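All heavy atoms count here, side chains included; hydrogens, waters and symmetry mates do not. Predicted, not measured: the structure shown is a model, and the values here were computed from it.
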Amino acid sequence: MYATDPIADMLTRIRNASSAGLKYTTIPASIIKIEITKILETEGLIRGFRLIKDNGQGKIKIAMKYSEVGQPVIRGITRVSKPGCRVYKGVEDLPKIRGGLGFAILTTPKGVLTSKTARRERVGGEVLAYIW
């Protein structure tokens, strides 16, 4: 099965694994998905990830993270910019997600960044997703 929007497919797999209480989820690998996964790990939303080589494009195995009482650390994750409707924001227009409790993931000229990092670097870009 081929997704018309691979990033939305990735976010949906993470959302579903999180709500189902799964320990791991596996997604097809790509450079942008690896960068998004690195951000999720840096922000403490997943326990970690591992790249799995196969004869194709490879896979990313993501270790999901939960609180001590079993609640998912990722409360919400939504796709913003879609293939049919791209959403771009300048640095002064970057939104605060859930009053600063969440963040946006952006593709910028300086790479894939969180909204917090993009503000610090004074750069805008395409808003891929909101996460809280």
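- Sorted by first then second residue, the salt bridge (Lys or Arg N to Asp or Glu O under 4.0 Å) pairs that include residues 89-107, not counting sequence neighbours, number zero.
- With values rounded to the nearest 0.5 angstrom, I7 atom CD1 is found 5.0 Å from L128 atom CG.
- Under a hydrophobic-cluster definition in which Ile, Leu, Val, Met, Phe, Trp and Tyr are linked whenever side-chain heavy atoms come within less than 4.5 Å, directly or via other members, V123 and V112 are assigned to different clusters.
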For T117 and R119, what are the C-alpha separation, side-chain angles and deciding distance, and is it a side chain to side chain contact (heavy atoms under 4.5 Å, CB included)? CA-CA 5 Å; T117 308; R119 279 190 199 92; over 6 Å; no
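- When all heavy atoms are compared, the tightest approach of I97 to I131 is CG2-O, 4.2 Å.
- Identified under the side-chain hydrogen bond (donor to acceptor under 3.5 Å, both in side chains) test for residues 57-71, with sequence neighbours left out: none.
- Using a 4.5 Å cut-off between side-chain heavy atoms of Ile, Leu, Val, Met, Phe, Trp and Tyr, with links allowed through other members, I34 and I52 fall into different hydrophobic clusters.
- For K110, the salt bridge (Lys or Arg N to Asp or Glu O under 4.0 Å) partners are E121, not counting sequence neighbours.
- Side-chain contact between M10 and T37 is present, with at least one heavy-atom pair separated by less than 4.5 Å.
- In this structure, W132 and T78 have side chains that are in contact, with non-hydrogen atoms separated by less than 4.5 Å.
- Ion pair R79/D5 flagged as a salt bridge, since at least one NZ, NE, NH1 or NH2 atom sits closer than 4.0 Å to an Asp/Glu carboxylate oxygen.
- What you find for I14 and I74 is that their closest heavy atoms are CG2-CD1, 3.7 Å.
- Rounded to the nearest 0.5 Å, atoms OG1 (T107) and CG (L113) are 9.0 Å apart.
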Please tabulate, for the side chains in residues 15-30, all donor-acceptor contacts under 3.5 angstrom to protein atoms that are two or more places apart in sequence or on a different chain.
residue, atom, partner, partner atom, Å
R15, NE, I77, O, 3.1
R15, NH2, I77, O, 2.8
N16, ND2, T12, O, 3.4
S19, OG, R15, O, 3.2
S19, OG, N16, O, 3.2
S30, OG, K33, N, 3.3

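- By the side-chain hydrogen bond (donor to acceptor under 3.5 Å, both in side chains) test, R86 pairs with E126, sequence neighbours left out.
- Put simply, the side chain of I60 does not reach to within 4.5 Å of the side chain of R50, judged on heavy atoms.
- The two residues L106 and T114 have their closest heavy-atom pair at CD1-C, 4.0 Å.
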For a quick test of your reading: what N or O donor-acceptor pairs under 3.5 Å do the side chains of residues 42-49 make, sequence neighbours left out?
residue, atom, partner, partner atom, Å
T42, OG1, K38, O, 2.8
R47, NE, M64, O, 2.9

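- Taking the side chain to side chain contact (heavy atoms under 4.5 Å, CB included) definition, one finds that V80 meets it with V87, V127, Y130, sequence neighbours left out.
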